[in-house]
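Inspection log for the structure reproduced underneath, given as structure tokens.
Values below: all heavy atoms of this structure, side chains included; hydrogens, waters and symmetry mates excluded.
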Amino acid sequence: QVQLVESGGGLVHPGGSLSLSCAASGFTISSYHMAWYRQAPGKQRELVAHITNFGSTNNADSVKGRFTISRDNANNTVYLQMNSLKPEDTAVYYCNRPVRYWGQGTQVTVSS
């Protein structure tokens, strides 16, 4: 069965970095598009970054130049490298295999 398990969240100061991981099982990520979403308190879930099965990537305007999505097919893992973090990046971050499969989420808090 399809499983997505995120890790790597935590508390970081503004300007800091975090790297999120999404370990996939039950399928091979190289055959699918994968994505990271986030949901802040009181807000709708929003797309952060997307990677196609060919490796093309696309980021939300709010994170362009700061976040990078990538994947390691050998380890069946998707990553989200987040640099220059801002307080407004605070949210629960979710790994997604479009459209129906979601991880449990990992909390990212950016605060001084």
Side-chain angles (χ1 to χ4, degrees):
Q1 96 226 37
V2 172
Q3 277 196 311
L4 301 170
V5 180
E6 301 98 334
S7 61
L11 173 64
V12 64
H13 292 309
S17 298
L18 278 176
S19 180
L20 305 184
S21 300
C22 170
S25 59
F27 71 102
T28 303
I29 63 168
S30 59
S31 298
Y32 291 88
H33 294 209
M34 298 293 297
W36 285 96
Y37 282 74
R38 67 185 181 187
Q39 187 166 19
K43 294 189 177 181
Q44 287 191 325
R45 193 171 294 191
E46 63 174 357
L47 177 65
V48 174
H50 172 263
I51 185 166
T52 72
N53 55 324
F54 295 110
S56 298
T57 63
N58 191 36
N59 288 359
D61 287 343
S62 59
V63 305
K64 276 181 180 171
R66 300 188 299 121
F67 291 11
T68 302
I69 186 172
S70 63
R71 65 178 186 220
D72 180 346
N73 292 336
N75 288 309
N76 220 36
T77 300
V78 181
Y79 301 98
L80 185 69
Q81 177 65 40
M82 305 186 294
N83 299 327
S84 301
L85 282 160
K86 305 175 181 179
E88 52 263 44
D89 295 318
T90 295
V92 179
Y93 284 71
Y94 297 91
C95 182
N96 170 254
R97 193 192 100 177
V99 296
R100 62 182 282 207
Y101 296 105
W102 296 89
Q104 81 288 351
T106 186
Q107 176 70 47
V108 172
T109 302
V110 185
S111 175
S112 54

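Proximity of R66 to M82: side-chain heavy atoms (C-beta onward) are nowhere separated by under 4.5 Å. Taking 4.5 Å as the limit, every side-chain heavy atom of R38 sits out of range of all side-chain heavy atoms of T90. For the pair V92/Y37, no side-chain contact is recorded, criterion being any heavy-atom separation below 4.5 Å from C-beta on.
Distance check: T52 OG1 to M34 CE gives 12.0 Å after rounding to the nearest 0.5 Å. Interatomic distance, CG of L20 versus CH2 of W36, reported as 4.5 Å (0.5 Å rounding). Atom OG in S111 sits 12.0 Å away from atom CG in L85 (nearest 0.5 Å). Within the model, atoms CG of L18 and OG1 of T109 stand 9.5 Å from one another, a figure rounded to the nearest 0.5 Å. Rounded to the nearest 0.5 angstrom, S30 OG and F54 CZ are separated by 11.0 Å. Taking NE2 from H33 and OG from S56, the interatomic distance works out to 8.5 Å, rounded to the nearest 0.5 Å.
Between W102 and Y94, the two ring planes are perpendicular [angle over 60°; tilted spans 30° to 60°].
Between S112 and P14, the shortest heavy-atom contact is N-CD, 3.7 Å. Between T77 and N75, the shortest heavy-atom contact is OG1-O, 2.9 Å. Residues G9 and T106 share a closest heavy-atom pair of N-OG1, 3.2 Å. Minimum heavy-atom separation, N53 to S31: CB-C, 3.8 Å.
Every side chain to side chain contact (heavy atoms under 4.5 Å, CB included) that S19 has, sequence neighbours left out, goes to Q81.
Y101 and I29 fall within a single hydrophobic cluster, where Ile, Leu, Val, Met, Phe, Trp and Tyr side chains are chained together by heavy-atom contacts under 4.5 Å. Both I51 and F67 are part of a single hydrophobic cluster, where members link through side-chain heavy atoms under 4.5 Å apart. Both L4 and Y32 are members of a single hydrophobic cluster when ILVMFWY side chains are connected at heavy-atom separations under 4.5 Å. Clustering ILVMFWY residues whenever any of their side-chain heavy atoms sit less than 4.5 angstrom apart, transitively, puts L80 in the very cluster that holds V108. Linking ILVMFWY side-chain heavy atoms closer than 4.5 Å, directly or via other members, places F27 and V78 in a single hydrophobic cluster.
A donor-acceptor distance shorter than 3.5 angstrom exists from the side chain of Q104 to the backbone of E6, with no hydrogens or angles considered. Side-chain atoms of N76 come within 3.5 Å of backbone atoms of A24 as a donor-acceptor pair (strictly under, hydrogens ignored).
For residues 53-86, there are no disulfide bond (SG atoms under 2.5 Å apart) pairs, not counting sequence neighbours.
Residue K43 qualifies as open at atom NZ: its count of foreign heavy atoms under 6.0 Å is 12 or below. Crowding of Q44 atom CD: a count of heavy atoms from other residues, nucleotides or ligands under 6.0 Å not exceeding 12.
Side-chain N/O atoms of S17 and N83 include a donor and acceptor closer than 3.5 Å.
Salt bridge annotation for D89-K86: absent, with no cationic side-chain nitrogen under 4.0 angstrom from a carboxylate oxygen.
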